[in-house]
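What you see below is based on every heavy atom in this structure, not just the backbone, and it leaves out hydrogens, waters and symmetry mates. Counting starts at 1 for both ligands and their atoms, in listed order. Predicted model only: the values in this text are computed from it and were never measured.
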Amino acid sequence: MTSHPAHEPAPEMAVTVRGLRKSYGDRVVVDDLDLDVPAGRVVGLIGANGAGKTTTVECLQGLRRPDAGEIRVLGLDPRRDAQALRRVVGSQLQSSALPDRLRVGEAVRLFAETGARDPDELLERFGLAGKRRTPFAGMSGGEQQRLFLVLALLNRPRLVILDELTQGLDPAARREVWASVAQLREEGTTVLLVTHELAEAEALCDHVVAMRDGRVLDAGSPAALVARHASGATTTFTGPPGAVDVLRTLPGVRRATAADGLVRVEGDRASIAHVGAWLVARAPEAGGVPADLTVDVPDLESALLSLLESPDPAPDPPTLTGVAP
Ligand code: ATP
């Protein structure tokens, strides 16, 4: 377990998992998994297809019986305290969970319990206000997805579990949903996301947990994962081939090459500033800074790809605490 500074209290955990194991037949799909989700944070499970992410969150919701391991969700055991858990956890339904002819307005009335949020406000927020009389089967995939979100948030859950949150949504709806997750976090709700959308994980998550073959490969803030597994930067611009001799001597530069009039400089993050300063210094004689200057810095996707290609992790990979490394 990653340690946290002694002067800070240990963060309260909304979810703790220790040694979770789940097999289908003789195939182990979640293998001795440890996971901590600090209360009030947005945590993302990312990884390859078939890594065991959905199985893990299904175990957290009491939908699957683990073969081994300890799970606590908001202090409850998902199998033993299933009913109590349903009252405090909101999760996205599968599309088979709603009858085709159920209208949107009926669905929210059916699911709303005492103390629920205002359904009209939620329907408005997710662009479904005009759909109250539309039957479930008459909505587009994106609209159905937004209705699942409305239903997941309706009863003011303390923990929201979202699996493939924005699948099938157009870019505007996706931004809307992202803003809603950010708002949930501000309201103190804990969110656990399963996602393949790494831009989504980067935009929303305080922490991400990268999984492969049922195990945690690494965990931490998106920035920490990028720094650990995909550090570096590439600066590219039109320039004379001779420039590479000088560029190679700049701090942080690992490699400088020129081909077809394009200069490419690879190095650490600091190299960007040094290359930029060099370009500005020579701008008067070069007729300005190159208009086609681009800088590529690795993102969470690069980090995950490199992680997924890496050999098996050390036997004791880091688990999450509330302290971002
Ligand atoms: P994806 O990103 O593709 O959704 P995932 O990380 O969520 O994958 P899971 O859905 O948990 O992974 O599946 C883990 C493995 O278990 C996969 O190989 C999957 O085929 C298998 N699996 C999932 N559910 C069942 C089931 N009910 N019976 C048998 N095998 C299953």
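- Closest to atom 31 (C) of ligand 1, if we only count protein heavy atoms, is Y24 CD1, 3.2 Å.
- Residue contact annotation: G52 has a non-hydrogen atom under 4.0 Å from ligand 1.
- Note on ligand 1: R27 sits in its first shell, one or more heavy atoms being nearer than 4.0 Å.
- Of the possible polar contacts, one joining the R103 side chain to the R133 backbone as a donor-acceptor pair under 3.5 Å is found.
- Between E164 and ligand 1, a contact under 3.5 Å exists for no N or O pair.
- Of the protein's non-hydrogen atoms, the one nearest atom 4 (O) of ligand 1 is T54 OG1, 4.0 Å.
- At a heavy-atom distance under 4.0 Å, only side-chain atoms of R64, from C-beta outward, approach ligand 1.
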Using the side-chain hydrogen bond (donor to acceptor under 3.5 Å, both in side chains) rule, take T166 and E197 through it: C-alpha gap first, then chi angles, then the decisive distance, then the call.
CA-CA 8 Å; T166 53; E197 290 279 340; 5.1 Å; no
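- The proximity of T55 to ligand 1, defined as any non-hydrogen pair under 4.0 Å, involves the side chain as well as the backbone.
- The existence of a salt bridge linking R27 and D213 is excluded, since no basic side-chain nitrogen approaches an acidic carboxylate oxygen closer than 4.0 Å.
- At the shortest separation from atom 15 (C) of ligand 1 among protein heavy atoms lies V29 CG1, 3.5 Å.
- For ligand 1, the atoms lying closer than 4.0 Å to a non-hydrogen atom of H196 are 1 (P), 2 (O).
- In this structure, R132 pairs ionically with D120, as a charged nitrogen and a carboxylate oxygen lie closer than 4.0 Å.
- F148 has its ring centre no less than 6.0 Å from the ring centre of F111.
- Residue A51 approaches ligand 1 through these ligand atoms, each under 4.0 Å from one of its heavy atoms: 5 (P), 6 (O), 12 (O).
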